[in-house]
Amino acid sequence: MSIISKQERLVAINPTRSCAPIGAMLSTFGVHGALTINHGSQGCATYPRHQMARHFREPIEVATSSLTEKTTVYGGKENLLAAIKNVYERFKPTMITICSTCLSETIGDDVPAIIEEFQKHYPDVAIPILSVRTPSYIGTHITGFDNFLTEVANQLPIRQPKKKDAPTNGKVNLIPGWVNPGDIRELRAMLAEMDVEATLITDFSETLDGGYYHPRPRFPRGGTTVEELRDSSNAMATIALQQNIGGTAAGVYKRRHNVPAHVLPMPVGLANTDTFIETLTAITGKPMPISLELERARLLDAIVDTHMFNTGKRAAVYGDPDMVYGLVRLLAEMGIQPAFALTAHDSKKWAEDMLALANEIGVEVEIMYRSDLHELHKRIRAAPVDIVLGHSKGKFISDAEEVPLVRVGFPIEDRVGYHRRTIVGYRGAISLVDEITNAILSNKMVVSSTVMERTMMGPTSIPLEIEELSPRVAAAG
Ligand code: SF4
């Protein structure tokens with residue numbers, strides 16, 4: 001029977017989460033020419049910048065209001081006013097996002113009032129300036145990202161009372177959520193195959209995975225424009241591809257602009273991708289093209305081809321809630337038992353959704369929310385798994401338990417290129433099936449096409465040539 005557990009310890013040990021402003025910063029990178037000002041101490045900008053730079057391997061430009069001891073006592077208004085003025089005059093951005101931090105929230109700075117004061121003094125600055133609340137003590141990077149999208153949906157789209165059957169702009173608003181540039185490119189490719197036009201809210205596929213250009217453009221190429229975001233109130237529908245990131249914004253589009261909302265599971269795996277395609281068809285009337293049908297068939301074939309290696313294996317998955325949800329379904333589709341599913345996000349609803357999923361697909365999983373890698377490691381020690389899926393922070397579990405780690409999610413900082421890969425859609429699922437299976441195979445010895453479990457080999461049964469080929473296995477024996 002599946003169970004839900006919530007970690008009650010107040011201190012996180014080896015957390016899987018990042019701090020809240022980083023979510024708003026990431027999504028701001030998806031708006032062409034937009035810049036973030038982090039209203040806090042310099043470290044609150046430096047930490048997310050380093051983490052993003054190590055994952056995306058791109059320069060990460062984020063401004064800071066640079067609060068100090070003095071401003072912590074007397075308030076950071078003057079610093080923030082100066083920061084907005086400097087950023088505007090120096091960079092002429094198309095939009096500014098101001099993220100609060102633990103510090104500015106604790107001292108109680110009223111950021112919307114400071115923005116109002118700035119706009120009163122500088123009426124010529126006609127760009128949107130958004131205030132996003134991102135104190136890390138009330139959420140994670142997921143909360144920061146979601147709050148940013150809600151602010152975009154509230155502030156940017158043109159407000160015009162629309163009748164139910166008024167003409168639309170013929171586009172779908174697509175909110176990908178926390179994914180990689182490679183995932184966004186895959187989603188765009190699927191939309192192109194379906195002949196569906198979309199406004200991505202937002203699109204950091206080029207801005208955070210750009211090319212080398214000389215001279216370097218003032219802002220990275222790509223990103224959704226502010227004009228496109230303003231026009232998003234005229235869309236046919238909004239699709240949020242993550243429940244925890246963008247679901248609220250999709251609701252705002254429905255409530256304020258009469259744009260129908262579809263909040264779907266992240267399209268990881270066969271069934272979730274089917275749901276995405278079926279939703280696109282329901283909205284636009286356009287059927288699944290043959291090219292996607294062929295990809296779907298290839299995914300099924302990949303699952304069938306690998307079932308003998310995967311069936312009955314046990315996995316542990318951790319990371320962002322929607323990604324974990326998608327991966328658990330994919331693992332079940334592959335015949336793998338998802339033994340542990342963990343997120344740092346404090347969402348009972350996620351845990352209940354996971355429980356419903358586990359019951360639907362018939363797997364027994366411990367669903368751990370508001371939890372950390374210390375807890376996961378304890379569980380894995382007590383009940384070993386064959387494979388771990390998650391970001392780089394789980395490497396120490398993988399090393400200590402000699403279990404392969406399939407890297408997915410954010411941050412991947414001990415490998416390169418993962419931001420360019422995709423895990424969404426049929427193609428993303430195929431590469432995951434391959435990678436997961438290969439990781440499971442890497443923990444075995446292949447002798448004359450016969451796969452033999454490492455644990456089944458006694459010390460005297462290891463032939464010399466195998467010992468030479470695989471020193472780790474020899475040591476284990
Ligand atoms: S103080 Fe808060 S906002 Fe700043 S880096 Fe730390 S967790 Fe993030």
Side-chain angles (χ1 to χ4, degrees), residues 7 9-29 34-56 58-80 82-84 87 96-112 114-115 129-151 178 208 244-245 318-321 343-347 369-374 391-393 409-411 413:
Q7 176 199 293
R9 176 168 28 85
L10 291 178
V11 175
I13 307 174
N14 294 324
T16 67
R17 49 165 284 176
S18 297
C19 84
I22 198 170
M25 288 176 194
L26 175 65
S27 201
T28 299
F29 272 102
L35 279 176
T36 301
I37 299 174
N38 206 318
H39 185 36
S41 66
Q42 287 190 13
C44 295
T46 306
Y47 155 62
R49 285 181 61 221
H50 277 189
Q51 202 168 31
M52 289 170 78
R54 284 198 294 259
H55 179 88
F56 295 108
E58 292 287 351
I60 303 295
E61 288 176 346
V62 174
T64 172
S65 57
S66 199
L67 299 185
T68 59
E69 291 88 341
K70 188 176 160 195
T71 47
T72 302
V73 175
Y74 295 107
K77 184 175 104 174
E78 297 309 323
N79 279 39
L80 184 54
I84 302 171
V87 163
I96 294 174
T97 300
I98 299 173
C99 298
S100 64
T101 57
C102 303
L103 177 57
S104 58
E105 290 281 352
T106 303
I107 63 179
D109 276 352
D110 185 347
V111 174
I114 297 171
I115 294 173
I129 304 177
L130 306 186
S131 162
V132 185
R133 298 197 63 185
T134 48
S136 274
Y137 49 75
I138 56 159
T140 66
H141 56 293
I142 302 291
T143 325
F145 201 131
D146 193 50
N147 288 355
F148 170 83
L149 293 172
T150 307
E151 197 62 18
W178 192 300
L208 286 176
N244 294 277
I245 296 181
Y318 62 87
D320 294 354
T343 188
H345 199 53
D346 188 1
S347 169
Y369 74 106
R370 196 184 175 275
S371 198
D372 58 28
L373 291 176
H374 180 71
H391 52 62
S392 293
K393 308 278 183 198
F410 175 92
E413 44 201 9

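Note that ligands are numbered from 1 as they come in the structure, with each ligand's atoms numbered from 1 the same way. Owing to the predicted nature of the structure, the values given are computational and were not obtained by experimental measurement. One is the number of the first residue; the rest follow in order along the sequence.
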task: Mind checking the CD-CD1 spacing from Gln51 to Ile60? Nearest 0.5 Å is all I need.
output: 11.0 Å
message: side chain to side chain contact (heavy atoms under 4.5 Å, CB included), that's the test. Do Trp178 and Ile22 meet it? Break it down for me.
response: CA-CA 11 Å; Trp178 192 300; Ile22 198 170; 4.1 Å; yes
- request: Report yes if some heavy atom in the side chain of Arg9 is under 4.5 Å from a heavy atom in the side chain of Asp372; otherwise report no.
  value: yes
task: Please list, in chain and residue-number order, the protein N/O/S atoms closer than 2.8 Å to atom 8 (Fe) of ligand 1.
output: Cys19 SG
task: Mark whether atom 6 (Fe) of ligand 1 lies under 4.0 angstrom from at least one protein heavy atom.
output: no
- prompt: Which pairs count as salt bridge (charged side-chain N to carboxylate O under 4.0 Å, His left out) when at least one residue sits in residues 138-151, sequence neighbours excluded?
  reply: none
query: Mind checking whether His141 and Phe410 have parallel, tilted or perpendicular rings, split at 30° and 60°?
result: tilted
- request: Go through the side-chain N and O atoms of Ser392 and Glu413 and say whether any donor and acceptor fall under 3.5 Å apart.
  value: no
